[in-house]
Amino acid sequence: MSKEDIKKQIRNAFDHRVAVRVYSDQLISKEDMDFILDTAWLSPSSVGLEGWRFIVVDKKHIPELSAAVKDIAWGAQPQLETASHFVLLVAEKNARYDSKSIKDSLVRRGLTEQSDLDSRIALYQAFQTRDMQMVDNPRALWDWTAKQTYIAMGNMMTSAAMIGIDSCPIEGFNHTVLNERLAELGWIDIEKEAVATMIAFGYRLKDPKHPRSRKPREEVVTWLAN
Ligand SMILES: Cc1cc2nc3c(=O)[nH]c(=O)nc-3n(C[C@H](O)[C@H](O)[C@H](O)COP(=O)(O)O)c2cc1C
């Protein structure tokens, strides 16, 4: 396939993708969900931390999710009723430069010499302390990993759109209560992690009534003049 054909295919997927709230009865195959999840798994993360987990809630388990969170997930009402799958994007808490998960990420990437590990961890200490000013702020540390889950979110929505699967990103819920309830279900370890966002997946029941609205392109894309 030529580059132009690939660009057209990607552009078509972007034109077709909208946030779909109501889905048909058609279920997504496990194979297709695994394809979508691969694009989350393979997403880039800051310092290669991979401070995330993706919990797949299939049609069989959606009633359990719905019973636990429907009253506080105002942004997920029709999706909880009709989606084929939900994916919960879970972000790690307290990923400090001196945590085990930071060290594990370095080892995973091939750093084994203690001196190399020490110098990289010193760099991350400066990054988290001086540059990002998050090191003594649990909320800021969590925000750092949470915002990285949005990269995986975008990749999943795009890969789904490329194979004709619809989705809706969802952050319309009471964060504290949702996480407490999912901890009660045993789905997350609230000491170590929290759900940042969710995505509903399925096949649209019908096309949207309204055309997609966007700001004029020139308002959001700036080329610097020479
Ligand atoms: C981070 C994020 C969170 C969102 N949360 C919700 C939500 O809770 N419920 C919902 O129905 N739509 C949600 N949306 C969908 C947006 O409303 C939608 O993407 C936006 O209006 C643009 O429309 P489009 O996706 O159809 O192009 C969310 C979108 C993003 C990117």
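By convention here, the first residue in the shown sequence is residue 1. Atom set for the values below is all heavy atoms of this structure, side chains included, hydrogens, waters and symmetry mates excluded. Quantities reported herein were computed from a predicted structural model and do not represent experimental measurements. First listed ligand is number 1; within each ligand, the first listed atom is number 1.
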**Asked** Is it true that Glu191 and Lys93 have a side-chain N and a carboxylate O under 4.0 angstrom from each other?
**Response** no
**Asked** For Glu92 and Ser101, does a side-chain donor sit closer than 3.5 Å to a side-chain acceptor?
**Response** yes
**Message:** Which residue and atom name correspond to the protein heavy atom nearest atom 29 (C) of ligand 1, and how close is it?
**Reply:** Pro169 CG, 3.2 Å
**Asked** Side chain, backbone, both or neither: which part of Tyr150 comes within less than 4.0 Å of ligand 1 when only heavy atoms are counted?
**Response** side chain
**Asked** Are the aromatic rings of His61 and Trp187 close, with centres under 6.0 Å apart?
**Response** no
**Asked** In terms of atom number and element, which parts of ligand 1 are under 4.0 angstrom from non-hydrogen atoms of Arg212?
**Response** 27 (O)
**Prompt:** Going by the atom numbers of ligand 1, which of them fall below 4.0 Å from some non-hydrogen atom of Arg17?
**Reply:** 24 (P), 25 (O), 27 (O)
**Asked** In terms of atom number and element, which parts of ligand 1 are under 4.0 angstrom from non-hydrogen atoms of Ala19?
**Response** 15 (C), 18 (C), 19 (O), 24 (P), 25 (O), 26 (O)
**Prompt:** Backbone, side chain, both or neither: what part of Arg214 comes under 4.0 angstrom of ligand 1, heavy atoms only?
**Reply:** side chain
**Ligand-side contact atoms (ligand 1) for residue partner Val18, heavy atom cut-off under 4.0 Å** = 26 (O)
**Asked** Does the pair Arg109/Asp104 count as a salt bridge with the N-to-O cut at 4.0 Å?
**Response** no
**Asked** Do Arg212 and Asp15 meet the salt-bridge criterion of a basic N to acidic O distance under 4.0 Å?
**Response** yes
**Message:** With heavy-atom distances below 4.5 Å as the criterion, would you say the side chains of Ile199 and Phe86 are in contact?
**Reply:** no
**Item:** Shortest reach to atom 15 (C) of ligand 1 by a heavy atom, considering only Arg21, Gln79, Glu171
**Value:** Arg21
**Prompt:** Taking heavy atoms and a distance under 4.0 Å, where does Cys168 meet ligand 1: side chain, backbone, both or neither?
**Reply:** side chain
